[in-house]
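As the structure is a prediction and not an experimental result, all values here were calculated from the model. FYI, side chains are in, hydrogens and waters are out, and symmetry mates aren't considered; it's all heavy atoms of this structure.
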Amino acid sequence: MTSDKARKLFEALDLDRNGTLTREEVITALRTKGPSLAASGDLPFWALGDADASSALFDAADQNGDAVLTLEEFAAVVDRRFGWR
């Protein structure tokens, strides 16, 4: 089951609102929105990283290797990594 925090973060990162995340979306959104997401408590401050860290997060979550993340793939990693589940 997906946490509300993971769902909210996923929606914030889904820049084109198509229901999936691409690597570029994750990198761009975390760079541009990351500080405000952290300030509002929607992202741990320690999770703010550079493009390499964002790319590594994407790779960890892309379990089927199709280069897009579904909410379920994304939540499985961030809920565990950020201690939300």
Side-chain angles (χ1 to χ4, degrees):
M1 187 172 153
T2 302
S3 72
D4 290 340
K5 284 188 171 190
R7 182 179 305 278
K8 188 172 184 180
L9 181 58
F10 182 90
E11 290 171 356
L13 300 183
D14 186 11
L15 299 176
D16 64 7
R17 301 268 184 259
N18 70 346
T20 59
L21 299 179
T22 64
R23 183 183 308 274
E24 285 303 310
E25 276 180 308
V26 171
I27 292 170
T28 301
L30 284 176
R31 187 177 65 237
T32 59
K33 296 181 168 187
S36 61
L37 288 167
S40 64
D42 294 321
L43 180 71
F45 276 104
W46 60 261
L48 292 175
D50 58 12
D52 288 342
S54 298
S55 190
L57 173 70
F58 182 92
D59 287 335
D62 186 18
Q63 294 171 358
N64 64 0
D66 66 354
V68 294
L69 301 183
T70 63
L71 174 59
E72 291 72 24
E73 284 178 312
F74 179 77
V77 169
V78 298
D79 279 342
R80 184 175 65 245
R81 191 172 286 187
F82 299 163
W84 290 343
R85 265 276 174 267

Spatial distance of atom [atom1] ([X]) from atom [atom2] ([Y]) [nearest 0.5 Å]:
X: W84; Y: D4; atom1: CH2; atom2: CG; result: 10.5 Å
X: R85; Y: K5; atom1: CZ; atom2: NZ; result: 11.5 Å
X: S54; Y: E25; atom1: OG; atom2: CD; result: 12.5 Å
X: R7; Y: E72; atom1: CZ; atom2: CD; result: 7.5 Å
X: D50; Y: L30; atom1: CG; atom2: CG; result: 11.0 Å
X: T2; Y: L9; atom1: OG1; atom2: CG; result: 12.0 Å

What pair of heavy atoms forms the shortest contact from [X] to [Y], and how long is it?
X: V77; Y: A60; answer: CG2-O, 3.6 Å
X: L21; Y: F74; answer: CD1-CD1, 3.8 Å
X: T20; Y: D14; answer: O-OD1, 3.1 Å
X: A29; Y: A12; answer: CB-O, 4.5 Å

Q.
Determine whether a donor-acceptor pair (N or O, by modelled atom type, separation under 3.5 Å) exists between the side chain of T32 and the backbone of T28.
A.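 Checked: pair present.
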Q. Is there a donor-acceptor pair closer than 3.5 Å between any side-chain N or O of D62 and the backbone N or O of A67?
A.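 Side chain of D62 to backbone of A67, a donor-acceptor pair under 3.5 Å: yes, one is there.
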Q | Flag side-chain contact, heavy atom, 4.5 Å: K33 against L15 | A |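 Yes - at least one pair of side-chain heavy atoms lies under 4.5 Å apart.
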Q) Do F82 and L43 have side-chain heavy atoms sitting under 4.5 Å apart? A)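 When only atoms from C-beta onward are counted, L43 and F82 do touch, with a gap below 4.5 Å.
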Q) Passes side-chain contact (heavy atoms from CB on, under 4.5 Å), E73 versus V68? Steps please. A) CA-CA 9 Å; E73 284 178 312; V68 294; 5.7 Å; no
Q) Shared ILVMFWY cluster between V78 and L71, side chains joined below 4.5 angstrom? A)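 Yes; tracing contacts between hydrophobic side chains, which count when under 4.5 Å, links both residues.
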(Q) Consider side chain to side chain contact (heavy atoms under 4.5 Å, CB included). Of T22, I27, L37, which one does L13 pass it with? (A)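 So, applying the side chain to side chain contact (heavy atoms under 4.5 Å, CB included) to L13 and each of T22, I27, L37, only L37 qualifies.
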Q. Counting only heavy atoms not in D66, do more than 12 fall under 6.0 Å of its CG?
A.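 More than 12 heavy atoms, drawn from other residues, nucleotides or ligands, come within 6.0 Å of this atom.
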